[in-house]
Amino acid sequence: MDEKKLTPRSENYSEWYNQLVQRAELADYAPVRGCMVVRPYGWALWENIQNALDTRFKATGHVNAAFPLFIPMSFLEKEKEHVEGFSPELAVVTIGGGSELEEPLIVRPTSETIIGHMYSKWIQSYRDLPVLINQWGNVVRWEMRTRLFLRTLEFYWQEGHTAHATAEEAEAETLQMLNIYTDFALNEAAVPVIPGRKSETEKFAGAVRSYTIEAMMGDTKALQSGTSHNLGQNFAKAFDIQYLDENNTLQYCWTTSWGLSTRFIGAIIMTHGDDQGLIFPPRLAPIQVVIVPIFRNEEEQQKVMETVDRIKAELSQFRVKVDDRAEVTPGFKYNEWEMRGVPLRMEIGPKDVAKNSVALARRDILGREGKSFVAQEGIAQTVGEMLETIQANLLAKATKFRDEHIFEPKNYDEFKDIIENNGWCYVWWKPNSENEAKIKEDTKATLRCIPMEQPGGKGKCIFSGEETTEKAYFAKAY
RNA sequence: CGGGGUGUAGCGCAGACGGCUAGCGCGCCGCGUUUGGGACGCGGAGGUCGGCGGUUCAAGUCCGCCCACCCCGACCA
């Protein structure tokens, strides 16, 4: 990677993405095909994501725990759809400690089964319910084609698993978590997402209903960015998760599961990034403000650094980095930190020392337009306001971009045309798995979701022409 | 797993017709000059040419086998 400039997005979007992830030092390829190393800068972003989510989970009564990585093979086989969905992509351990295992172990692709097994032991009475547990961990799915963050053999995520006394409660929990994901995406990541329900073909293996937040990437492809499943009594029956109700009658629990993974980092990259590099939303950015000191000689250096230190101390509420490297020029630093997505850059040089000012450059607006010279006095407030402005602007920009690429075709020909030319279709849809398959075959587009927000009324299905009451989004997806 | 491609310094590449000490750019290290949008000079370090085998006086270079990775298809948070 010797060229200074990234491959422009318009030239080759996936090349842009691959270069950026590596150059920004978010992640690197591991020696095993399809595996990645999350580097400190990428992990710092993930930690901020974890924080934002974990706070929301705790606020809604969830607790964290840790379940094992290995799951007996037989567990998976207890739920028919589940095993069918996951068996093609399992990593299986057959040897341990040098000898063949009596029963193969799978490396968890998700933990419904082993958690279900434990819940059946822990839950006896309605008084034990609900159980609201989340775990932060890693899982393995042996995917064919991999991309850093978007699809790797091993990835990091959180998976919540809850058990409830009634179907209504389970559904309420499923929707509550969908709302939490939506809130997180909008208000922390500035990623406008469309919450909705998955179709029968797209739902989680073993779920009764799956919900999703769908985001539009910079190339207009859709990315499923978080999911919440109502598992009904499927896993409760498979794993005997039963409780005695108030009337001393044995009942099966109603369970849910919900997850959001390091894939979301991909969503952030591809929602906000531009040809210059990453743009991180201020609330999640590992570094919110980078300070670049500028000086020509030791005397200037001393004065400038005094100011830099003082300003840095005043900004203690923010994540601030002072780039005091002597071996590269300020111009180099500007480019580098822009590439790495730092939302706000502060330049402090001799002129600023003299005028009690600093220069601020917004990452979301490049060039002179995004640059301003502000007083050192009240800098914390100025910076705080600017970060909020940037946060809001990123969401507004991404929302505008998304809305400009959603269309409402009047017929199937128009539909195909829109998909062909990179857009999403918002259409009346009569649920039908065969028709969904045909559309996928024709256009490569899939039903992304049936949005929670519906216009009401009736219309004719874009494919079958039948009368229907719901609209859906179709798009090509990652 | 089917089709296509690539393996030469940390990264990107050249060398391919067998022939001397395997080059170039970027990066890296040292010294000096620089520093408000990707600095420059001088000096350096760094390679079992993906692996194994064969042909030959001689193999990055020719032949065979193997391995890895990338791209395109069938699966997916």
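Everything numeric here is computed off the predicted structure, so don't read it as measured data. The sequence lines fix the lettering, A, B, ..., with proteins before strands; numbering per chain opens at 1.
For the residue pair A:D219 and A:Y478, a side-chain donor N or O sits within less than 3.5 Å of a side-chain acceptor on the partner.
Note on A:K351: a base of the nucleic acid sits closer than 4.0 angstrom, heavy atoms only. Among the atoms of the strands shown, base atoms are found under 4.0 Å from some heavy atom of A:E347. No contact: A:S228 has no heavy atom under 4.0 Å from any strand. Contacts of A:A359 with the nucleic acid, taken as non-hydrogen atoms under 4.0 Å apart, include base atoms.
Of the listed nucleotides (B:A77, B:G36, B:G37), B:G36 has the atom at the smallest distance from the side chain of A:D352.
Under the side chain to side chain contact (heavy atoms under 4.5 Å, CB included) rule, A:W258 has a single partner from A:Q158, A:E159, A:H161, which is A:Q158.
Contacts of A:S225 classified as side chain to side chain contact (heavy atoms under 4.5 Å, CB included), with partners at least two apart in sequence or in another chain: A:I213, A:A215, A:L223, A:F264, A:A267. When the side chain to side chain contact (heavy atoms under 4.5 Å, CB included) test is applied to A:V140, the partners found at least two apart in sequence or on another chain are A:A91, A:V107, A:W142, A:E154.
Across all strands shown, B:C11 is found opposite B:G25 as a Watson-Crick or G-U wobble partner, with both distances under 3.5 Å. Taking a pair to require two hydrogen-bonding distances under 3.5 Å in either a Watson-Crick or a G-U wobble arrangement, B:C62 pairs with B:G54. In a base pair of the Watson-Crick type (N1 to N3 plus N6-O4 or O6-N4) or a G-U wobble (N1-O2 and O6-N3), with each distance short of 3.5 Å, B:C1 is matched with B:G73. Here B:A39 sits opposite B:U33 as a Watson-Crick or G-U wobble pair (both hydrogen-bonding atom distances under 3.5 Å).
The stretch residues 278-299 of chain A comes close to RNA chain B through A:I294, A:F295, A:R296, each having a heavy atom under 4.0 Å from the strand. Proximity of residues 254-264 of chain A to RNA chain B (heavy atom under 4.0 angstrom from any strand atom) is restricted to A:S261, A:R263.
Nearest-nucleotide assignment on RNA chain B puts the 5′-proximal partner with A:Y29, out of A:Y29 and A:E154.
Figure legend: A:K397 and A:F401 shown without cation-pi pairing, the cationic atom not lying both under 6.0 angstrom from the six-membered ring centre and within 45 degrees of its axis.
Aromatic ring orientation, A:W16 versus A:Y13: tilted (interplanar angle from 30° to 60°).
For residues 192-225 of chain A, every residue pair satisfying the ring pair (Phe, Tyr, Trp, His ring centres under 6.0 Å) rule, not counting sequence neighbours, is listed here: A:H82-A:F204, A:F86-A:F204, A:F204-A:H229.
With its glycosidic angle within 90° of 0, B:G60 adopts the syn conformation.
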| said: For A:R108 and A:N138: C-alpha separation, side-chain torsions, deciding distance, then whether side chain to side chain donor-acceptor pair (under 3.5 Å) applies. | reply: CA-CA 8 Å; A:R108 64 182 173 208; A:N138 54 340; 2.9 Å; yes
Below 3.5 Å between N/O atoms, which protein atoms pair up with nucleotides 39-45 of chain B? Just atom names and distances, please.
unit_1 : atom_1 : unit_2 : atom_2 : d
B:A39  : OP1    : A:T329 : OG1    : 3.4
B:A39  : OP2    : A:T329 : OG1    : 2.3

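For B:G37, its base never sits under 3.5 Å from the side chain of A:R368 at any donor and acceptor pair. The base of B:G38 is not paired with the side chain of A:E336 by any donor and acceptor separated by under 3.5 Å.
Looking only at distances, no side-chain donor or acceptor of A:K351 sits under 3.5 Å from a matching main-chain atom of A:S357.
Taking only side-chain nitrogens and oxygens, A:K371 never comes nearer than 4.0 Å to OP1 or OP2 of B:G36.
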